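Working notes, beginning with the structure itself.
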Amino acid sequence: MERNIPKVFESTTSEPEIYKLWESSGYSTPEKVEEYLRENGLNVEKPFTITLPPPNANGNLHLGHMCGYSFHDAFARFNRMTGHPTLLVPGKDHAGIQTESAFTKVLQNNGEDKWEMGRDEFYKRCYDFCMQNADNARTQEKNIGLSADYSREFFTLDPKLTKIIYETFYKMYEDGMVYRDKRIVNVCPSCKTALADIDTDHEERRGIFAYIIYPLIDEADKQLAKERFGVEGITVATTRPETMLGDTAVAVNPNDPRYKEFIGKKVLLPIANREIPIIAEEEVDLETGTGALKVTPAHSPVDFEIGKRQGLEIINVIDEEGKMTGNIPDRFKGMGTTDCSRALCGELTELGLLVRIENIKHEVAVCERCGTPIEPVISNQWYANVEPLAKKALEALHNGDVKVIPEGQQKALEFFYENIQPWCISRQLWWGQRIPVWYSGSKKLHDWLNENQGKTVGDFEKEFNVKANGTGEIKLGEDSPEGIWEQESDMFDTWFSSGQVPFSTLGGPEGDDYKKYYPTQMMIHARDILFWWTARMIMFGLYRTGEVPYSTVLLTGMILAADGSKMSKSKGNGIEPNDVFQKYGADALRLWYYSDALPGSNAPLREEKIKGNRNFVNKIWNASRFILMNIEDEEIEKIQGKEVADTDRVKATKEHIEKVGKYLEKYQLNLGAETIREFFWHELCDKWIEEIKTEIKDQPVGSDLRIEKLSELLWLLKKNLKIMHPFVPFVTEAVWQELVKLGLAEGVLMVEQI
RNA sequence: GGACGAUUAGCUCAGCUGGUUAGAGCAUCACAUUGACAUUGUGGAGGUCACAGGUUCGAGCCCUGUAUCGUCCACCA
């Protein structure tokens, strides 16, 4: 008969309508699902919760985000359809340094200046900027069909969340886990903030390797050196000549026969004209350079450690913007490091102390965000000693309280915990959560007293010839205490807050949602932020709640361009999510991703593949359409009440559903996707529909045989729609609603039980 | 330097605790069909499962080694 069902599933128009239906149903809210289950006398299982990775609030979502969410959504839908009140918690991340630099650029393009604007105004404007982008991201999330509970959407800078982050900090402070320390830290001269080691990348850059003679002091030593090396000094090799102004020693290996006699002697540091000792250090490699290492504790992490062991003086010669500073000849002051290096090499050549310069390629630490080479600088920062937390996290991994998929990545995480370093949690930014600390008098006073143990406020006043106006002690809290207190200007590292989202988004350890939905069940995120994020979430979870925040971490890979290269804006080989939605629809994209993107491995995206999946989506639509068009109006009533016999087809379908369920429980979406496609297409469509076509051929409308066969067919269709729904929610729901229109089904497929 | 992973059809990849003739999608070839389906159906061709050893009644899967590629970690001046 004629029924007005379009021949093609129009994803562009249907998908938004279906999403609206889901929204108005309210079933993204777990309480609503629970209510539904109870009203229908269905089993209510344990809640199923996932905190969604909040995208950075400063930009658009890319395909990787979308596809990641399609994973979350598949598990959520499956759980919702198997009796679990299901909660996907959506949110947006303020993403500290990244947003700050992005918004600074926006301002620059407007001809505005961050420094003129000032801290408060910047914060306000940046907030608005984020809110705008967040709207955008939210729309995109909905496009992929994400059944998240937007009534619970969070922003990481929401005061409610910040309160919980601060509580964690206070607790850590009381437990002696956070402290100020003067250490060598990575500073990005462009972003002008400290960075944790993990926030740096290593890149191969071209550089120089300069051989410089440090003349010996004593005549006898000079003679010996002359005989042995042909020059009256020790030759050191360095990739950074400018740091020589801060040298406080030359280190040699005690087992190195070339230098044995010189240990304990002194050399004259050229240009700076300071005497520095030659010291013995096991770590010095005999093979590298000349075997003699210049030691600059202030500007090299290795040297810093050596300096600490040997009690060397620390001389700062480079500031946080990468400019020469400190107690150095005036002509170098304020120079950039590269210019200074060049100038020094020139002067050394004139002095006859520069042996040669080699051009080399070497690994350089660069800022993960902007690629600027890192400047190691000594400075006071807030640190968190996370070692005890790492130990607990490691235990949790060993106990199997948390499982990482794929397994290989779990080992990487264990390795990270085993080698964990103090975490620098302060950032010199304006955007983020301000560290809730006040210093009596000034921060400078506090730090000075801290690093000069035994000295007094009076000593400080003398040293700097100022009035201290305080005691240098610290008070925690957001509001200014009585008296003269200086507020901490630094912000928390953004991971300090995102590391707590599994409980901070549920209201913290006292929250109602927390009591009901914590610990969550899964965490799904991109592999490349394993250490930044999951590592911290597990530690914070154990620390604040005594429980792991989730039992399974599923890592996703990256989506690559068709040729296997990374998608990037500069290469122009990226694919816009909206183009994919327009051309093929969300279901097709989802199904492609499930099939091709295995946990932890990257997936090259080919358009043909999405097209193939689009054809399958359309197949679902058309098979359903065929069935609907074969059922005559007068047959509907009879079919409604008809029990279906346990035919081979019915049996096979039941087995199939069980099989797919098992795949989902084992997180094997690829096998699930393959199985539903195979079964629906090649069993139901190719075989069974064809069989039934012949079985009911020439049977009069309303006859028992027709009713029996059509009922069976309808049963098969519905069962298939349900089990396919987690994978291709839009088209299955669209078909379901067609059934509802005819009175052959009820409600919303989203909460139908499989 | 260390850790982890990969190597299976022309391409992209599956293959669960080892069990007959090793699978899918796309591409390709032949035939059929205008059907519920921007098609679809049926059938075919295509693989020494990187290499070399070993364990086993039996190995794509387990063990040892080699090669190539990739990712992450690391302070080599």
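Here the structure is a predicted model, which means the values were calculated and not measured. Order of the sequence lines sets the chain letters (A, B, ...), proteins ahead of strands, with each chain counted from 1.
- In plain terms, the two heavy atoms of A272(A) and L245(A) that are nearest each other are CB-CD2, 4.4 Å.
- With pairs defined as Watson-Crick or G-U wobble and both atom distances under 3.5 Å, the stems of at least three pairs that touch RNA chain B come out as B:1-7 with B:67-73, B:10-13 with B:23-26, B:28-32 with B:40-44, B:50-54 with B:62-66.
- Within the 4.0 angstrom heavy-atom criterion, only backbone atoms of the sugar-phosphate kind lie near L671(A); the bases stay farther away.
- Atom C1' of nucleotide A36(B) and atom CG of L710(A) are separated by 14 Å, given to the nearest angstrom.
- Residues F730(A) and S14(A) are not in side-chain contact: their nearest non-hydrogen atoms beyond the backbone lie 4.5 Å or more apart.
- Taking the side chain of E283(A) as heavy atoms from C-beta on, and the options G25(B), C75(B), A36(B), the nearest nucleotide is C75(B).
- The separation between Y593(A) atom OH and C13(B) atom P is 14 Å, rounded to whole Å.
- Nearest to the side-chain atoms of K619(A) among the listed nucleotides U40(B), C11(B), A77(B) stands U40(B).
- Within 6.0 Å of the CD atom in E358(A), the count of heavy atoms belonging to other residues, nucleotides or ligands exceeds 12.
- Atom NZ in K609(A) sits roughly 8 Å away from atom P in C13(B) (whole-Å rounding).
- V284(A) comes within 4.0 angstrom of a nucleotide base, judged by non-hydrogen atoms across all strands.
- Taking the C1' atoms as reference points, U28(B) lies 9 Å from A45(B), given to the whole Å.
- Side-chain contact between P270(A) and L348(A): present, with at least one pair of heavy atoms (C-beta onward) separated by less than 4.5 Å.
- Rounded to whole angstrom, the span from the CD1 atom of I610(A) across to the P atom of U12(B) amounts to 17 Å.
- If you check every strand for non-hydrogen atoms under 4.0 Å, D528(A) touches nothing.
- A27(B) and C69(B): their P atoms are spaced 32 Å apart (whole Å).
- Contact annotation for N618(A): base contact, defined as any heavy-atom pair under 4.0 Å involving a base atom.
- Closest heavy-atom contact between G585(A) and S11(A): CA-OG, 3.5 Å.
- On a pure distance criterion of 3.5 Å, no polar donor-acceptor pair joins the side chain of E414(A) and the base of A3(B).
- At a threshold of 4.0 angstrom between heavy atoms, the contacts of K693(A) include nucleobase atoms, whether or not backbone atoms are also involved.
- Within the nucleic acid shown, R606(A) comes within 4.0 Å of sugar-phosphate atoms alone, with no base atom in reach, counting heavy atoms only.
- Contact annotation for E690(A): base contact, defined as any heavy-atom pair under 4.0 Å involving a base atom.
- When the side-chain nitrogen and oxygen atoms of K7(A) are compared with OP1 and OP2 of C37(B), one or more of them lie within a distance under 4.0 Å.
- Considering only side-chain atoms of R625(A), the nucleotide from U12(B), A38(B), C37(B) that sits closest is C37(B).
- Of all non-hydrogen atoms in T675(A) and V660(A), the two that sit nearest each other are CG2-CG2, 4.0 Å.
- Sequence order on RNA chain B of the closest nucleotides to W532(A) and T238(A) puts W532(A) first from the 5' end.
- The side-chain tip of K619(A) does not point at the ring of F9(A) from less than 6.0 angstrom away and within 45° of straight on.
- Out of G5(B), A74(B), G41(B), the shortest distance to the side chain of D686(A) is found at G41(B).
- U48(B) sits 13 Å from A52(B) when the P atoms are compared, rounded to a whole Å.
- Across all strands shown, A623(A) has heavy atoms under 4.0 Å from base atoms, whether or not it also approaches the sugar-phosphate.
- In plain terms, the two heavy atoms of E635(A) and N630(A) that are nearest each other are OE1-O, 3.9 Å.
- Spacing between A9(B) and C49(B) at atom P, rounded to whole Å, works out to 10 Å.
- Atom CG in N186(A) sits roughly 11 Å away from atom C1' in C75(B) (whole-Å rounding).
- When distances run from any side-chain atom of R527(A) to the nucleotides A36(B), A77(B), U71(B), the shortest one goes to U71(B).
- Nucleic acid contact for W592(A): none, since no nucleic acid atom lies under 4.0 Å from a heavy atom of the residue.
- Judged by closest nucleotide on RNA chain B, N670(A) is the one of N670(A) and D285(A) placed further toward the 5' end.
- Across all strands shown, F9(A) has heavy atoms under 4.0 Å from base atoms, whether or not it also approaches the sugar-phosphate.
- One can place CD of Q410(A) at 23 Å from P of U71(B), the figure rounded to the nearest angstrom.
- For F75(A), the ring-ring contact (aromatic ring centres under 6.0 Å, His included) partners are Y667(A), not counting sequence neighbours.
- Judged by the 6.0 Å distance and 45° axis criteria, R183(A) is not positioned over the aromatic ring of F304(A).
- Each of C73(B), C16(B), G25(B) was ranked by its minimum atom distance to the side chain of H682(A); first place goes to G25(B).
- Separating the P atom of C61(B) from that of G19(B) is a span of 11 Å, rounded to the nearest Å.
- Nucleotides G18(B) and G2(B) place their P atoms 32 Å apart, quoted to the nearest Å.
- U64(B) sits 25 Å from U20(B) when the P atoms are compared, rounded to a whole Å.
- Atom C1' of G41(B) sits at a distance of 27 Å from the matching atom of G15(B), rounded to the whole Å.
- You'll find that the side chain of K666(A) is closest to C16(B), out of C16(B), G41(B), C75(B).
- Here the nucleotide nearest the side chain of E674(A), chosen from U40(B), U71(B), A14(B), is A14(B).
- Residue-level contact check: F416(A) touches neither bases nor backbone, having no heavy atom under 4.0 Å from any strand.
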